[in-house]
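If you're wondering where the values come from, they're calculated on a predicted model, not measured in any experiment. Residue numbering restarts at 1 for every chain, and letters A, B, ... go by the order of the sequence lines.
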Protein chains: 2
Amino acid sequence: MKSLHDMPEGPGIARVSLDRLFEVAEVLGAMMQRGVAERGLTTARAGVLWALFHDGPMTQRALAGQLGVTPRNVTGLLDALQADGLVDRAAHPTDRRATLVALTSKGRNVTEALRGGRDELAAVLFGDMPPGRLDAFTAGLETVIERLRAADPSGR
Amino acid sequence: MKSLHDMPEGPGIARVSLDRLFEVAEVLGAMMQRGVAERGLTTARAGVLWALFHDGPMTQRALAGQLGVTPRNVTGLLDALQADGLVDRAAHPTDRRATLVALTSKGRNVTEALRGGRDELAAVLFGDMPPGRLDAFTAGLETVIERLRAADPSGR
DNA sequence: GCTACATAGTGAAGTCACTTCACGATATGC
DNA sequence: GCATATCGTGAAGTGACTTCACTATGTAGC
């Protein structure tokens with residue numbers, strides 16, 4: 001009676017592919033962290049800027065939901081971003097408990113620079129890849145994402 | 001004079017691909033963290049076990065080099081792993097300054113379970129993919145890794 | 001053999017991302 | 001008008017890191 005674990009060397013090619021995937025995740029994470037640090041940010045703080053950039057001003061609670069972290073954590077991240085003049089906390093027009101968080105113009109500039117960096121990286125990585133191959137590759141990534149989310153009940 | 005940043009929507013498909021790559025990195029990271037937490041570990045501690053599992057007993061300094069962190073940090077990680085009975089610190093046979101770190105049998109069992117989980121995940125993700133497609137996908141990943149490392153002077 | 005210098009591990013102190021819990025201020029349903 | 005849910009934040013704690021200083025030991029060079 002052979003189970004998965006009895007295989008002499010595991011699932012072979014599939015295992016190598018997964019290892020490559022982990023490797024990409026690691027190197028990409030390191031690269032992003034470095035890019036973001038160059039602009040005086042951390043990945044968590046950059047995530048806040050990114051969310052505000054894409055979805056506009058928001059309540060701290062909404063931001064917490066968007067980022068998948070606790071509201072308390074958002075408070076801390078915003079304290080730092082506000083100290084750097086990248087975001088602004090304003091009174092909510094109708095709910096006096098809430099604060100509306102928005103990017104300052106400086107914050108918008110920084111985030112646009114971040115986006116520029118991402119686009120440059122995309123060009124370096126994929127710019128010369130023939131469309132057919134790139135599409136296939138991206139489809140593969142999407143399949144992986146899908147199955148990963150399906151396999152993980154903690155889904156987000 | 002058009003530069004990359006003047007493009008109305010950026011590099012298009014390439015940008016989407018990179019976003020998918022980030023998404024994979026994120027979801028995969030979350031999944032690994034969850035899998036490892038199920039066995040009472042953290043990703044950093046699991047990394048230590050993994051290194052010892054693959055390369056055998058090692059000096060703390062060597063471990064630090066392998067993991068790309070400071071020796072001081074390794075001390076802390078090992079303290080936790082030792083408290084859980086997963087690793088063992090023994091005197092180095094020839095250098096009395098150094099300690100030789102090795103997996104205990106419990107540590108080996110846990111690490112083998114981790115490996116089993118990885119193999120199962122690999123099977124779920126790639127088990128049913130036709131070899132040709134899988135090879136192409138993995139080659140794509142390797143190209144990405146290569147270029148990422150080339151683009152990052154901090155290379156590891 | 002002894003001095004000079006490099007190296008192995010760790011204490012002390014600090015940063016950053018995160019959490020849970022408690023609490024005051026406000027909104028809201030009935 | 002009052003009970004109750006919700007918004008943000010103080011307090012306290014964890015885990016992964018870092019740098020710096022220090023002790024104990026190895027290793028050259030003379």
Side-chain angles (χ1 to χ4, degrees), chain A residues 26 29-30 32-34 36-52 57-84 86-102 154 156, chain B residues 26 29-30 32-34 36-52 57-84 86-102 154 156:
Chain A
E26 193 182 307
M32 183 168 68
Q33 186 172 349
R34 204 178 121 269
V36 126
E38 267 170 12
R39 290 172 169 97
L41 291 173
T42 61
T43 60
R45 310 218 243 260
V48 173
L49 296 184
W50 202 248
L52 292 171
M58 224 181 299
T59 236
Q60 292 190 201
R61 217 82 184 182
L63 213 35
Q66 192 95 6
L67 300 173
V69 298
T70 51
R72 186 60 184 86
N73 190 19
V74 170
T75 299
L77 295 173
L78 288 179
D79 286 350
L81 290 170
Q82 193 171 23
D84 285 351
L86 300 174
V87 305
D88 208 48
R89 278 194 254 222
H92 191 286
T94 71
D95 189 340
R96 279 197 298 172
R97 294 167 305 177
T99 52
L100 256 196
V101 186
S154 90
R156 219 284 104 199
Chain B
E26 194 182 306
M32 183 169 66
Q33 186 172 348
R34 204 178 120 270
V36 127
E38 268 170 13
R39 291 173 169 96
L41 290 172
T42 61
T43 60
R45 308 217 244 260
V48 173
L49 296 185
W50 201 248
L52 291 172
M58 225 181 298
T59 236
Q60 292 190 200
R61 218 81 183 184
L63 213 35
Q66 191 95 4
L67 299 174
V69 299
T70 51
R72 187 57 184 89
N73 189 19
V74 170
T75 299
L77 295 174
L78 289 180
D79 286 348
L81 289 170
Q82 195 171 21
D84 285 352
L86 300 174
V87 304
D88 208 50
R89 278 194 252 223
H92 190 287
T94 70
D95 189 340
R96 278 196 301 171
R97 295 167 306 175
T99 49
L100 257 197
V101 186
S154 88
R156 220 286 100 202

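Residue-level contact check: A:Thr43 touches neither bases nor backbone, having no heavy atom under 4.0 Å from any strand.
Shown here are the side-chain hydrogen bond (donor to acceptor under 3.5 Å, both in side chains) partners of A:Asn73, two or more places apart in sequence or in another chain: there are none. In this structure, the side-chain contact (heavy atoms from CB on, under 4.5 Å) partners of B:Ala62, at least two apart in sequence or on a different chain, are B:Met58, B:Thr59. Checked against side-chain hydrogen bond (donor to acceptor under 3.5 Å, both in side chains), B:Asp95 has the following partners two or more places apart in sequence or in another chain: B:Arg97. Annotation: side-chain contact (heavy atoms from CB on, under 4.5 Å) contacts of B:Arg96 (sequence neighbours excluded): none. Contacts of A:Pro71 classified as side-chain contact (heavy atoms from CB on, under 4.5 Å), with partners at least two apart in sequence or in another chain: A:Arg61, A:Ala64. By the side-chain hydrogen bond (donor to acceptor under 3.5 Å, both in side chains) test, A:Arg89 pairs with A:Gln60, A:Asp79, A:Gln82, sequence neighbours left out.
Annotation for B:Leu100 and B:Pro57: closest pair CD2-C, 4.3 Å, computed over non-hydrogen atoms.
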Show each protein N/O and nucleotides 23-30 of chain C N/O combination with a separation under 3.5 Å, one pair to a line.
from, atom 1, to, atom 2, distance (Å)
C:dA27, OP1, A:Arg96, N, 2.6

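In this structure, A:Leu52 CG and A:Leu78 CG are separated by 7.5 Å, a value rounded to the nearest 0.5 Å. Atom CG in A:Leu63 sits 8.5 Å away from atom CG in A:Leu77 (nearest 0.5 Å).
Rounding to whole angstrom units, CD of residue B:Gln33 and C1' of C:dT19 are separated by 12 Å. Summarising the geometry, the separation between CZ on A:Arg45 and C1' on C:dC18 is reported as 13 Å, rounded to the nearest angstrom.
Rotation axes derived from the C1' atoms of the five outermost pairs at either end of the helix from C:dC2-D:dG29 to C:dC30-D:dG1 lie 10° apart, to the nearest 10°.
Taking every heavy atom of residues 72-82 of chain A and every atom of DNA chain D, pairs under 4.0 Å involve A:Arg72, A:Thr75, by number.
Taking every nucleotide of DNA chain D with any atom under 4.0 Å from a non-hydrogen atom of chain B, the first and last of them, 5' to 3', are D:dG15 to D:dG26.
Remark: B:Thr70 is not in phosphate contact with C:dG9, judged by side-chain N or O atoms under 4.0 Å from OP1 or OP2.
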Would you tabulate the side-chain donor-acceptor contacts of residues 36-47 of chain B under 3.5 Å, counting partners in other chains and residues two or more places apart, or write 'none'?
from, atom 1, to, atom 2, distance (Å)
B:Thr42, OG1, B:Arg45, N, 3.3

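With a 4.5 Å cut-off on side-chain heavy atoms, B:Val69 and B:Val74 count as touching.
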